[in-house]
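Only one structure is covered here, and it is reproduced in the block below.
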Amino acid sequence: MTTKRRSPGIPAEFARRVLTVVRRIPRGRVATYGDVAALAGRPRASRAVGNIMRNCAAPDVPCHRVIAAGGRLGGYGGQEITKRSMLAQEGVLFHGRRIADFRTVRVKVPSRRSRS
DNA sequence: TGGTTGACGGTGG
DNA sequence: TCCACCGCCAACC
């Protein structure tokens with residue numbers, strides 16, 4: 001099992017939240033590590049999200065829908081071309097190494113500044 | 001217990 | 001537009 005958490009009962013739950021958030025990303029959409037982190041409750045834990053994604057041992061988690069900021073592919077298990085292809089199959093258009101309509105396919109994240 | 005790593009984010013040059 | 005530096009957070013050794 002990949003359940004080798006060092007801190008039982010602590011932020012280990014954060015990892016679970018991250019996986020849940022990623023799992024909620026609809027097909028044809030993408031989210032940045034920062035977005036996932038924010039949705040998980042830690043808008044500054046983008047790096048931690050990357051580490052969790054690295055573990056990404058759950059087939060239910062479309063880790064390929066998680067990209068870096070600016071619409072860049074970011075990293076992946078090996079070739080970014082793979083990640084790009086998977087997204088392309090979902091309808092995500094690319095413009096070179098970046099997503100063409102990044103702002104369109106990006107999941108909506110409630111900004112704490114956007115308060116009526 | 002403490003330090004290093006890493007699929008990042010943002011700013012500056 | 002691209003590269004480099006610094007900052008933040010969780011997991012691993």
Side-chain angles (χ1 to χ4, degrees):
Chain A
M1 310 283 253
T2 53
T3 42
K4 40 183 157 185
R5 275 87 201 212
R6 270 296 144 149
S7 321
I10 314 190
E13 185 180 322
F14 173 71
R16 205 179 67 164
R17 278 192 174 190
V18 170
L19 297 177
T20 303
V21 171
V22 177
R23 202 178 300 136
R24 282 181 170 178
I25 301 175
R27 178 177 162 285
R29 296 271 204 176
V30 299
T32 67
Y33 296 94
D35 292 339
V36 177
L39 292 170
R42 287 288 187 277
R44 302 288 195 251
S46 52
R47 265 174 141 166
V49 172
N51 273 2
I52 297 163
M53 290 286 106
R54 192 165 169 242
N55 265 292
C56 186
D60 307 56
V61 183
C63 39
H64 65 274
R65 287 179 193 160
V66 184
I67 61 174
R72 293 178 298 185
L73 275 304
Y76 200 58
Q79 307 176 351
E80 66 179 56
I81 184 80
T82 305
K83 191 172 182 178
R84 187 167 65 183
S85 299
M86 294 176 79
L87 290 172
Q89 284 186 56
E90 298 189 351
V92 179
L93 303 178
F94 277 82
H95 198 276
R97 285 182 286 196
R98 283 194 182 178
I99 293 179
D101 48 355
F102 170 54
R103 294 180 57 178
T104 305
V105 298
R106 187 182 184 183
V107 296
K108 275 68 181 181
V109 180
S111 305
R112 49 188 169 87
R113 294 230 294 164
S114 299
R115 282 287 84 194
S116 343

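Protein chains get the first letters and strands the later ones, always in sequence-line order, with residue 1 at the start of each. Nothing here was measured: the structure is a model prediction, and the numbers come from that model.
Taking every heavy atom of both residues into account, A:L93 and A:D101 meet most closely at O-OD1, 3.9 Å. Here the closest non-hydrogen pair linking A:V107 and A:P26 is CG1-CD, 4.4 Å.
Between A:F102 atom CZ and B:dG9 atom P the separation is 9 Å, expressed in whole Å. Protein atom OH of A:Y33 is 12 Å distant from nucleotide atom C1' of B:dG9, rounded to whole Å. Rounded to whole angstrom, the span from the CZ atom of A:R72 across to the P atom of B:dG9 amounts to 7 Å. Atoms CG (A:N51) and P (C:dA10) sit 11 Å apart, rounded to a whole Å. As rounded to whole Å, 18 Å separates atom C1' of C:dA11 from atom CZ of A:R16. Look at CD on A:E13: it is 17 Å from P on C:dC9, rounded to the nearest Å. A:N55 has its CG atom 14 Å from the P atom of B:dC8, to the nearest Å. When the C1' atom of B:dT5 is taken as reference, atom CZ of A:R54 falls 8 Å away, rounded to whole Å.
Atom CZ of A:R16 has 12 or fewer neighbouring heavy atoms from other residues, nucleotides or ligands inside a 6.0 Å radius.
Heavy-atom distances to DNA chain C give each of A:R97 and A:A48 a nearest nucleotide, and the one nearer the 5′ end belongs to A:R97. The nearest heavy atom of DNA chain C to A:A45 and to A:R98 marks one nucleotide each, and the one closer to the 5' end goes with A:R98.
For B:dA7, its base never sits under 3.5 Å from the side chain of A:Y76 at any donor and acceptor pair. Side-chain atoms of A:R47 stay outside donor-acceptor range of the base of B:dG9, with no qualifying N/O pair under 3.5 Å.
The side-chain heavy atoms of A:M86 and A:R65, taken from C-beta on, include no pair separated by under 4.5 Å.
The A:S46 side chain lies nearest to B:dC8 when the options are B:dA7, B:dG6, B:dC8.
A donor-acceptor pair is defined here as one N or O able to donate and one able to accept, closer than 3.5 Å; no such pair exists between the side chain of A:R27 and the backbone of A:G91.
Within the 4.0 Å cut-off from OP1 or OP2 of C:dA10, at least one side-chain nitrogen or oxygen of A:R42 is found.
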